[in-house]
Amino acid sequence: METINKSFADYIFQVRLTPEKLCLKIVSEQIDLAISVGAFADGVLAGFILHGSKVVDNQKNAYNSITGVLPEFRKQKLTVRMYEYIIPVLKEQGYRQIQLEAITSNVPALKSYIEVGFTISRILECYRGKVKQLQSALDENIEITNEWQADNLSWIWDWEPTWQNDVLSIENVKEAITCITYKKDAQIIGYLFFNNITKRVQQFAVAREYRNKHIASRLFNALAHHTGDTDVEIINLQSEVSGAKFLNRIGFELFIKQYEMKLSLA
Ligand SMILES: CC(C)(COP(=O)(O)OP(=O)(O)OC[C@H]1O[C@@H](n2cnc3c(N)ncnc32)[C@H](O)[C@@H]1OP(=O)(O)O)[C@@H](O)C(=O)NCCC(=O)NCCS
């Protein structure tokens, strides 16, 4: 954890992992040390790539959950060299793809991933802010609950969530998640998942035929009740369909854009 925090000390924004947050990340993103890699210099961990593992459509996929090189070991292409080491291991274990996200202005990271062969699959947007409480009362159709099921909600989506926000990553840390639902005739037609440890909204959606009826506003109003004055993040929303105007209106501002990148191992 010390190496992670030292590697990110000069990052684009502040990253400070605590043991609690690192454990949550390992469990949520299914990080597997058997497909992760460390670069050592005289016994010192100089760089690392932690990969998560999931089976998607009967295919083993890996996810670069976090990469870092200590500042004093940079400019030696350690990231590229770590991939040269781990890609044959991943191939041997039957992995078909690696995916990751990198901030669009992170030149050393992007150069490294492009040299390895990754290509951009999507542009993603990340928002931050204090949710404005637009109404004082909760709507009667709203329910805030820690008892929920995520596997029957994908019919509401317009696009697939990224690795960190997909159903499995959320279910893996169920005890950290609050679900806010909006129901019509006992059916969920809008919902939001909020992670109480990372303070991030991991998914939110309203069924297509119920849009423009202020249902998302009511969901976020309930979130404001739940979070109070806390800063909240929503990361990795697919660009163009992120709902930027709506998010700005309720108190969020875009703070970075990321590229989702993929490398086929087939
Ligand atoms: C991203 C990171 C892991 C890359 O470290 P590294 O493997 O040592 O990479 P290098 O320093 O060798 O740089 C790779 C390339 O970027 C170039 N580069 C490095 N710093 C640069 C800068 N500030 N501006 C422009 N180019 C830069 C290098 O010259 C090299 O280019 P080349 O391939 O043409 O020779 C490291 O910078 C880091 O730990 N950053 C903080 C954490 C982070 O950003 N993690 C990745 C999150 S997606």
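Here, residue 1 is the first one in the sequence, and each next residue gets the next number. Keep in mind the model is a prediction, meaning the values are calculated, not measured. Counting starts at 1 for both ligands and their atoms, in listed order.
The heavy atom nearest to atom 46 (C) of ligand 1, considering only I4, T67, I66, V15, is found in T67. Atom 9 (O) of ligand 1 has its nearest heavy-atom neighbour, among S112, S7, A46, P71, in S112. Summarising the contacts of atom 27 (C) of ligand 1 with V80, I114, V107, L110, the nearest heavy atom is found in V107. In this structure, of L100, L78, V69, the residue bringing a heavy atom nearest to atom 39 (O) of ligand 1 is V69.
Comment: E115 does not engage K111 in a salt bridge, judged by the lack of any side-chain N to carboxylate O separation of less than 4.0 angstrom. Ion pairing of D10 with R74 is present here, as a side-chain N (NZ or NE/NH1/NH2) and a carboxylate O approach within less than 4.0 Å. Ion pairing between a basic and an acidic side chain is recognised when a charged N comes within 4.0 Å of a carboxylate O; E253 and R128 show no such pairing. A salt bridge links D231 to K130: one of the charged nitrogens lies within less than 4.0 Å of a carboxylate oxygen.
With values rounded to the nearest 0.5 angstrom, N196 atom CG is found 9.5 Å from T227 atom OG1.
Protein heavy atom nearest atom 13 (O) of ligand 1, with residue, atom name and distance: P108 CB, 4.0 Å. Summary of contacts: the protein heavy atom closest to atom 2 (C) of ligand 1 is T79 OG1, 4.1 Å.
Contacts with ligand 1 closer than 4.0 Å are made by side-chain heavy atoms of K111 only, the backbone lying farther away. Looking at Y113 against ligand 1, only its side chain comes within 4.0 Å, counting heavy atoms. Heavy atoms of N106 found under 4.0 angstrom from ligand 1 belong exclusively to the side chain. Residue contacts with ligand 1 for E115 involve side-chain atoms from C-beta outward but no N, CA, C or O (heavy atoms, distance under 4.0 Å).
Summarising the geometry of W163 relative to G52, their closest heavy-atom pair is CZ2-C, 3.7 Å, with the distance given to 0.1 Å. The heavy-atom pair separating M82 from G68 by the smallest distance is CE-O, 4.4 Å.
Checking only distances, D10 never comes within under 3.5 Å of ligand 1, N or O to N or O. Considering backbone and side-chain N/O atoms, Y11 never comes within less than 3.5 Å of an N/O atom of ligand 1.
Which parts of ligand 1 touch E101 is read off a 4.0 Å heavy-atom cut-off, strictly below it: atoms 48 (S). For ligand 1, the atoms sitting less than 4.0 Å from at least one non-hydrogen atom of F8 are 42 (C), 43 (C), 45 (N), numbered in the order shown with element in parentheses. Shown in contact with G68 at under 4.0 Å from a heavy atom are these atoms of ligand 1, numbered in order with element: 39 (O).
In the displayed structure, E209 atom CD is contacted under 6.0 Å by more than 12 heavy atoms of other residues, nucleotides or ligands. The environment of CZ in R208 is sparse: at most 12 heavy-atom neighbours from other residues, nucleotides or ligands sit within 6.0 Å.
Put simply, atom 23 (N) of ligand 1 has no protein non-hydrogen atoms near it, under 4.0 Å away.
Side-chain atoms of F204 and L247, non-hydrogen and from C-beta on, do get closer than 4.5 Å to each other.
Ligand 1 does not have R81 within reach: every non-hydrogen atom of the residue lies 4.0 Å or more from it.
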